[in-house]
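Scroll down for the structure; my scribbles are underneath it.
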Amino acid sequence: MSAAAHRPATEPAGAGRAPMPGLLGPLNPPFAGYRGRRVWVIGASYGIGEAVARDLLGRGAKVALSARRRDLLQAVAGGNGEALIAPLDVTDPASVHAAADRIVAAWGGFDLALVVAGTHEEMRGRVGRGGAAGADEARWNLEGARRLLEVNLHGVLNCFDAILPVLERQGSGGIGIVASVAGYVGLPKALIYGASKAALINFAESLYGDLRPLGIGVYLVNPGFVDTPLTRKNRFAMPALMKAEDAARATLDEIAAGAFEVHYPKRFTVGLKLLRLLPYRLQFAAVRRVTGG
Ligand SMILES: NC(=O)c1ccc[n+]([C@@H]2O[C@H](COP(=O)([O-])OP(=O)(O)OC[C@H]3O[C@@H](n4cnc5c(N)ncnc54)[C@H](OP(=O)(O)O)[C@@H]3O)[C@@H](O)[C@H]2O)c1
């Protein structure tokens, strides 16, 4: 009987076989391109996820498109025979598992799952009109805070719960998680959004250590400002604003090159990374000066 036949059902096919990267070279295994690859994009109905799904279809990938709005997903697929529509709500674990089951039934598995879905609501740690919050609408709001965490954090965990068994069974493939540079440092009006994204950054960092030795890639995507329905609600000038198509291209190119962290545009994100390294006294002063507090 072969070694594979002796392997317990919970042990992935590639367990313990992937060499960990050395000091140089990419942290994830690079691959030649997306043609014929099976990619599940969660949050594909508009915004960055839509641009990623369209780009992937253009590169000849098989793409499973997920989000709540089936009609929009169908419009993105545009009748392409390589597209598979798998609607879900990330806050509903049963719908996420049902979508994963559908994809596995159709394709036998997937090579990459990208969790893009997220939401945004401005919030500050101040309460009440006439109080410290004044006329600012970005006030503390417990319900809003819970809503944000439900989608941006628990929603990603619901997706992970459905993705992990498939990747472990395969002993190959990868998971990409879209967080944000708002998770690097505390920014005004991003009280809970930033916290949800900081949690995802930490989650992806821990996950890398768990999954990379199993031959599974982990990708952390930290965009700066990208022009989408989410950011069109912002009432301030967004520095280094990117087109969603450019964000999609950078995401897919850097994942294929084997990056762990994909961040863009560099002229914006590198500055924020440096800010993170400053002692708090200097960091707080710099954030206040740049954002106006
Ligand atoms: N745009 C930026 O500048 C920027 C910067 C940094 C990070 N990000 C992150 O990048 C991701 C995408 O942002 P975006 O700007 O493209 O946002 P967006 O334009 O609002 O698009 C959000 C996507 O997520 C889906 N979605 C939202 N709630 C969902 C739910 N409960 N279940 C399933 N799908 C859900 C939406 O589809 P349905 O409504 O059809 O469900 C849509 O496809 C988010 O995680 C965001 O935090 C964005």
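Everything quoted here is computed from the prediction, not taken from an experiment. In listed order, ligands and their atoms are each counted from 1.
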Inset, instruction - Just jot down the side-chain hydrogen bond (donor to acceptor under 3.5 Å, both in side chains) partners of Arg232, sequence neighbours excluded, or say none. - result: Asp227

Legend entry - Region of Ala179 engaging ligand 1 - heavy atom pairs below 4.0 Å: backbone

Inset, instruction - Would you mind telling me if ligand 1 is within reach of the side chain of Lys197, the backbone, both or neither, using heavy atoms under 4.0 Å? - result: side chain

Which residue and heavy atom of the protein sit nearest [atom], plus the separation:
{"atom": "atom 26 (N) of ligand 1", "result": "Ala117 CB, 3.9 Å"}
{"atom": "atom 8 (N) of ligand 1", "result": "Tyr193 OH, 3.5 Å"}
{"atom": "atom 27 (C) of ligand 1", "result": "Arg68 NH2, 3.6 Å"}
{"atom": "atom 14 (P) of ligand 1", "result": "Thr228 OG1, 3.6 Å"}
{"atom": "atom 31 (N) of ligand 1", "result": "Asp89 OD1, 2.9 Å"}
{"atom": "atom 11 (C) of ligand 1", "result": "Val116 O, 2.9 Å"}

Indicate yes or no: does an N/O atom of [X] lie under 3.5 Å from an N/O atom of ligand 1?
{"X": "Ser45", "result": "yes"}
{"X": "Phe225", "result": "no"}
{"X": "Val226", "result": "yes"}
{"X": "Gly43", "result": "yes"}

Hey, does [X] sit under 4.0 Å from ligand 1 if you only count heavy atoms?
{"X": "Thr119", "value": "no"}
{"X": "Ala244", "value": "no"}
{"X": "Leu72", "value": "no"}
{"X": "Ala44", "value": "yes"}

Inset, instruction - Among Ile, Leu, Val, Met, Phe, Trp and Tyr joined by side-chain contacts under 4.5 Å, find the other residues sharing a cluster with Leu230 and list them by chain and number. - result: none

Ignoring hydrogens and angles, tell me if any N or O in the side chain of [X] forms a donor-acceptor pair with the backbone of [Y] under 3.5 Å.
{"X": "Asn222", "Y": "His263", "answer": "no"}
{"X": "Asn28", "Y": "Ala259", "answer": "yes"}
{"X": "Arg38", "Y": "Trp107", "answer": "yes"}
{"X": "Gln170", "Y": "Phe110", "answer": "yes"}
{"X": "Tyr264", "Y": "Met242", "answer": "no"}

Inset, instruction - State whether Asp92 and Arg68 are salt-bridged, where the test is any N-O pair (Lys NZ or Arg NE/NH1/NH2 against Asp/Glu carboxylate O) under 4.0 Å. - result: no

Legend entry - Arg147 with Glu143: basic N within carboxylate O range, under 4.0 Å: no

Inset, instruction - Can you establish whether the number of heavy atoms outside Lys243 located under 6.0 Å from its atom NZ is more than 12? - result: no

Inset, instruction - Nearest heavy atom to atom 5 (C) of ligand 1 wins, so pick from Gly224, Ala51, Pro87. - result: Gly224

Legend entry - Minimum non-hydrogen distance to atom 32 (N) of ligand 1, winning option of Val90, Val96, Val52: Val90

Interfacing atoms of ligand 1 (cut-off 4.0 Å, heavy-atom, [X]):
{"X": "Gly47", "answer": "16 (O), 19 (O)"}
{"X": "Thr231", "answer": "1 (N), 2 (C), 3 (O)"}
{"X": "Arg69", "answer": "40 (O)"}
{"X": "Pro229", "answer": "19 (O)"}
{"X": "Pro223", "answer": "5 (C), 6 (C), 7 (C)"}

Inset, instruction - For the residue pair Tyr34 and Phe31, categorise the inter-ring angle as parallel (less than 30°), tilted (30 to 60°) or perpendicular (more than 60°). - result: perpendicular

